[in-house]
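What follows is a short report on a single structure.
Below, chains carry the letters A, B, ... as their sequence lines are ordered, and counting in each starts from 1. The model shown is predicted, which means the values in this text are computed figures rather than measured ones.
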There are 2 protein chains.
Amino acid sequence: MNERQALVSFGALSQQTRLQIVRMLVIAGPTGMPAGVIAESLEVSPSNVSFHLKELERAGLITQQRESRSIIYSADYEALGSLVRFLMEDCCGGHPEICAPAAAVAACCAPLAEGKCQ
Amino acid sequence: MNERQALVSFGALSQQTRLQIVRMLVIAGPTGMPAGVIAESLEVSPSNVSFHLKELERAGLITQQRESRSIIYSADYEALGSLVRFLMEDCCGGHPEICAPAAAVAACCAPLAEGKCQ
DNA sequence: TCAATAATTCAAGGATTGTTGAAATATGAA
DNA sequence: TTCATATTTCAACAATCCTTGAATTATTGA
């Protein structure tokens with residue numbers, strides 16, 4: 001993740017509908033969600049959701065794949081991970097006090113994989 | 001950190017000059033930097049840097065304090081930490097694979113305090 | 001007080017972004 | 001083929017954001 005990509009990613013996440021889409025897709029997991037279902041869930045018009053999906057794809061935060069008549073969108077976990085990392089390294093650099101709360105989440109996050117947390 | 005604050009913060013970081021300002025201020029540490037020095041370092045006009053500083057302050061990512069004729073700006077470590085945390089919790093929720101790279105940074109970050117890393 | 005320094009505010013203009021509804025494209029079923 | 005479904009694309013307009021330079025405010029020193 002370079003500065004250019006980070007700027008586009010931050011821009012993509014700075015809009016309510018788009019942030020909500022990312023949230024939904026992360027929760028939805030690898031299965032993803034069709035554009036229409038996303039639009040319905042968020043009560044946004046199809047053309048509007050399409051606009052925002054394109055923006056998120058441009059930022060590389062989500063991917064698409066056609067499945068019959070539907071187009072399924074999924075969160076790109078790797079890209080999201082890279083963004084978190086960029087923010088931590090860039091803003092943390094030499095300043096662990098910024099990282100501290102993140103470290104707490106991370107500490108909880110790893111054990112999650114084995115069902116040890118929450 | 002709620003959604004509203006996160007949106008504003010992401011918006012603040014989605015502009016090159018502002019991202020560079022935050023970087024500089026994080027590196028500068030608690031001492032901070034006067035507006036004029038920031039403007040000179042980034043080769044941006046005083047009025048333009050002032051515009052971006054105001055934007056970053058509105059997002060709560062930096063703070064200001066007057067020191068004689070200068071106005072000193074500093075990074076708000078707590079706010080930055082909260083933002084990282086928001087991104088991790090919001091985007092990580094149930095998906096440790098996103099957190100993994102962040103956890104690696106965090107693991108390196110904590111020991112930094114005791115000079116054990118890098 | 002007057003001048004110099006440091007920074008902000010303001011207005012104007014251009015650039016980018018977001019919203020809307022209508023038209024177009026792609027797919028699958030009758 | 002024809003129709004219905006799922007989605008995107010497009011054009012137009014509104015809203016927001018960014019940049020610029022001139023004017024303004026605040027502080028200090030002569």
Side-chain angles (χ1 to χ4, degrees), chain A residues 3-25 28 31-76, chain B residues 3-25 28 31-76:
Chain A
E3 182 184 288
R4 175 90 196 86
Q5 288 175 294
L7 286 171
V8 177
S9 297
F10 287 138
L13 295 179
S14 70
Q15 207 278 342
Q16 190 171 34
T17 302
R18 290 197 294 260
L19 185 57
Q20 288 173 338
I21 291 174
V22 170
R23 265 189 184 143
M24 274 187 120
L25 292 181
T31 312
M33 291 174 78
V37 174
I38 298 172
E40 246 180 60
S41 307
L42 301 181
E43 299 183 32
V44 175
S45 77
S47 91
N48 187 249
V49 101
S50 187
F51 168 80
H52 289 303
L53 286 169
K54 203 173 53 174
E55 208 65 11
L56 286 168
E57 221 193 347
R58 191 173 67 92
L61 297 177
I62 66 175
T63 56
Q64 67 166 198
Q65 101 200 67
R66 182 176 278 276
E67 178 114 352
S68 173
R69 265 185 285 209
S70 298
I71 295 184
I72 311 290
Y73 284 90
S74 320
D76 185 324
Chain B
E3 182 184 289
R4 175 92 196 86
Q5 289 175 294
L7 286 172
V8 177
S9 297
F10 287 137
L13 296 179
S14 70
Q15 207 278 340
Q16 188 172 34
T17 303
R18 290 198 295 262
L19 186 57
Q20 289 174 337
I21 290 174
V22 170
R23 266 188 183 144
M24 272 187 120
L25 292 180
T31 312
M33 290 174 78
V37 175
I38 298 172
E40 245 181 62
S41 307
L42 300 180
E43 298 182 34
V44 175
S45 78
S47 90
N48 188 250
V49 101
S50 188
F51 168 82
H52 289 304
L53 287 169
K54 202 173 56 175
E55 208 65 12
L56 286 169
E57 220 192 349
R58 191 172 67 92
L61 297 177
I62 66 175
T63 58
Q64 66 166 199
Q65 102 200 64
R66 181 176 280 277
E67 178 115 353
S68 175
R69 266 185 285 211
S70 297
I71 295 183
I72 311 288
Y73 285 90
S74 320
D76 186 324

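- Comparing A:Gly11 and B:Leu53 by the nucleotide of DNA chain C that holds the closest heavy atom to each, the one mapping nearer the 5' end is B:Leu53.
- The A:Phe51 side chain lies nearest to C:dT19 when the options are C:dT27, C:dT19, C:dA7.
- To the nearest angstrom, P of C:dT8 lies 14 Å from CD of B:Glu55.
- An OP1 or OP2 oxygen of C:dT8 is reached within less than 4.0 angstrom by a side-chain nitrogen or oxygen of B:Tyr73.
- At the heavy-atom level, A:Ser47 lies under 4.0 Å from base atoms of the strands shown.
- With hydrogens and angles ignored, no donor-acceptor pair closer than 3.5 Å exists between the side chain of A:Ser68 and the base of C:dG28.
- Atom CZ in A:Arg58 sits roughly 13 Å away from atom C1' in C:dG18 (whole-Å rounding).
- Using a 4.5 Å heavy-atom cutoff, the side chains of B:Leu42 and B:Met24 are in contact.
- Across all non-hydrogen atoms, the minimal contact from B:Ala28 to B:Met33 is CB-CG, 3.8 Å.
- Among the atoms of the strands shown, base atoms are found under 4.0 Å from some heavy atom of A:Ser50.
- Bounding nucleotides for the chain A contact on DNA chain D, 5' to 3', at a heavy-atom distance below 4.0 Å, are D:dA4 to D:dT9.
- In this structure A:Arg23 satisfies the side-chain hydrogen bond (donor to acceptor under 3.5 Å, both in side chains) test together with B:Glu3, B:Asp90, sequence neighbours excluded.
- Whole-Å rounding puts the B:Ile21 CD1 to C:dA7 P distance at 13 Å.
- Taking 4.0 angstrom as the limit, A:Gln15 places a side-chain polar atom (N or O) nearer than this to OP1 or OP2 of C:dT19.
- Side-chain contact between A:Ser74 and A:Leu25: absent, with no pair of heavy atoms (C-beta onward) separated by less than 4.5 Å.
- Nearest to the side-chain atoms of A:Arg66 among the listed nucleotides C:dG18, C:dA26, C:dT8 stands C:dA26.
- No donor-acceptor pair closer than 3.5 Å links the side chain of B:Ser50 to the backbone N or O of B:Ser47.
- A salt bridge links A:Arg58 with A:Glu55: at least one charged nitrogen is closer than 4.0 Å to a carboxylate oxygen.
- Rounded to an integer number of Å, the gap from CG of A:Asn48 to P of C:dG18 is 10 Å.
- Look at CD on B:Gln64: it is 13 Å from C1' on C:dT9, rounded to the nearest Å.
- Here C:dA7 presents its C1' atom at 15 Å from CD of B:Glu67, a figure rounded to the nearest Å.
- The side-chain heavy atoms of B:His52 and B:Ile21, taken from C-beta on, include a pair separated by under 4.5 Å.
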